[in-house]
Undergrad: 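This is the structure, below, for whatever I ask next.
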There are 2 protein chains.
Amino acid sequence: MGVAAKDPESYLPLTESVFHILLALTDKERHGYGIMQEVKRRTKGKVKLGPGTLYGSIKRLLEGKWIEESTERPDPAINDERRRYYRLSELGKRIAAAEARRIVDLVHQAREKKLLPDEAVGKLV
Amino acid sequence: MGVAAKDPESYLPLTESVFHILLALTDKERHGYGIMQEVKRRTKGKVKLGPGTLYGSIKRLLEGKWIEESTERPDPAINDERRRYYRLSELGKRIAAAEARRIVDLVHQAREKKLLPDEAVGKLV
DNA sequence: ACTACTATATCGTCCGTCGATATATCGTAG
DNA sequence: CTACGATATATCGACGGACGATATAGTAGT
């Protein structure tokens, strides 16, 4: 068993961009440009990561070991040598989950303040 | 009536600090120090606003007319002249509501990515 | 009077965002 | 086969917000 893991909550809150990048990597490995497209698609164009934000964030995520570069080519049919693929590390998964729990708490607090109509909450059922 | 209101979504995402300040002012008028205490209490000590963040944010919120200073003393029994009370403007209310909707969307996305266990979502029922 | 708490305010540093810019490859229509 | 738009990665600098440190002073209780 490894060293005592640092509490993932100590890394919160995440920035908008970083959380969307982690979300994009939650279900599968992706390369930078693919992350950009997935975020744009998933948020219906509301969130657009520019290259500065995207690659700057990836650099920091690698340094902090929230993500790892994958050496395998997920799809051998596509052989674009430029692509660099990334996956979530165990730490990254724990931080993403902690952030998800944090925003659920936020929704509860907003509801207690009557900031959300009941229908909006009902959709979460 | 009135001029065409700017879409409140254009101000999103809010920073952690700003959203907590708006949440604190949603149910009643408060003074700066009171906002600090309410946020600390509501988040069970997880979010602590330092003076730099608090008063810097208040200044910007006033400039952007998200909040207004109130001249009335909410509790005449307490007469601390130092206190400056604030309330949400109509714009502030609309922005806070838009941000609340945004984070509900985020919870949905996190759930689709299986980042949240079903129980965590069930609590929102 | 002393002390802890209340209350507001500013300053400088640090860090992330984001558009601009650069470079190069891929796929395809002409 | 070549020109073009999309794909793909990367760096830079300006800007703005977060936050701890610091300052100042009034309030309340002992």
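Here the structure is a predicted model, which is why all the values come from computation and not from measurement.
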Undergrad: Identify the pairs formed between an N or O of the protein and an N or O of nucleotides 1-3 of chain D at a distance under 3.5 Å, and give each distance.
TA:
none

Undergrad: Output yes when a side-chain donor or acceptor of Ser89(B) lies under 3.5 Å from a complementary backbone atom of Lys65(B), and no otherwise.
TA: yes
Undergrad: So which heavy atom on Gly64(B) is nearest to which on Leu91(B), and how close?
TA: O-CD2, 3.7 Å
Undergrad: Ignoring hydrogens and geometry, is there a side-chain-to-backbone donor-acceptor pair from Ser57(A) to Thr53(A) under 3.5 Å?
TA: yes
Undergrad: How would you give the extent of chain B contacts on DNA chain C, as first and last nucleotide 5' to 3' within a 4.0 Å heavy-atom cut-off?
TA: dT6(C) to dT10(C)
Undergrad: Does the side chain of Leu14(B) reach to within under 4.5 Å of the side chain of Trp66(B), using non-hydrogen atoms?
TA: yes
Undergrad: With a 4.5 Å cut-off on side-chain heavy atoms, are Tyr86(A) and Leu25(A) touching?
TA: yes
Undergrad: Could you say whether Tyr86(A) or Pro13(A) is positioned toward the 5' end of DNA chain D, judged by the nucleotide with the nearest heavy atom to each?
TA: Tyr86(A)
Undergrad: Which pairs, protein N/O on one side and nucleotides 26-30 of chain D N/O on the other, fall under 3.5 Å?
TA:
unit_1	atom_1	unit_2	atom_2	d
dG26(D)	N3	Arg82(B)	NH1	3.1

Undergrad: Does some side-chain heavy atom of Leu23(A) sit less than 4.5 Å from a side-chain heavy atom of Gln109(B)?
TA: yes
Undergrad: In chain order, what residues pass the salt bridge (charged side-chain N to carboxylate O under 4.0 Å, His left out) check against Glu9(A), with sequence neighbours excluded?
TA: none
Undergrad: Can you get from Tyr11(B) to Ile103(B) by hopping between Ile, Leu, Val, Met, Phe, Trp and Tyr side chains that sit under 4.5 Å apart?
TA: yes
Undergrad: With salt bridge (Lys or Arg N to Asp or Glu O under 4.0 Å) as the test, would you mind laying out the steps for Glu16(B) and Arg102(A) before giving the verdict?
TA: CA-CA 11 Å; Glu16(B) 172 84 347; Arg102(A) 186 187 72 84; 2.6 Å; yes
Undergrad: Linking I/L/V/M/F/W/Y whenever any side-chain heavy atoms sit under 4.5 Å apart, do Ile95(A) and Leu61(A) land together?
TA: yes
Undergrad: Can you give me every donor-acceptor pair (side chain of residues 27-40 of chain A, partner residue at least two apart or in another chain, under 3.5 Å) with its distance?
TA:
unit_1	atom_1	unit_2	atom_2	d
Asp27(A)	OD1	Arg30(A)	NH2	3.3
Asp27(A)	OD1	Lys113(B)	NZ	3.4
Asp27(A)	OD2	Arg30(A)	NH2	3.4
Asp27(A)	OD2	Lys113(B)	NZ	3.1
Glu29(A)	OE1	Ser70(A)	OG	3.0
Glu29(A)	OE2	Arg87(A)	NH1	3.4
Arg30(A)	NE	Ala24(A)	O	2.7
His31(A)	NE2	Arg83(A)	NE	3.4
Glu38(A)	OE1	Arg42(A)	NE	3.2
Glu38(A)	OE1	Arg42(A)	NH2	3.2
Glu38(A)	OE2	Arg41(A)	NH2	3.3
Glu38(A)	OE2	Arg42(A)	NE	3.2
Glu38(A)	OE2	Lys113(B)	NZ	2.8

Undergrad: Report yes if the side chains of Val104(B) and Val107(B) come closer than 4.5 Å at any heavy-atom pair, otherwise no.
TA: no
Undergrad: Kindly state which residues belonging to residues 32-71 of chain B come within less than 4.0 angstrom of DNA chain C, counting heavy atoms of the residue only, listed by number.
TA: Gly32(B), Tyr33(B), Gln37(B), Pro51(B), Gly52(B), Tyr55(B), Lys59(B)
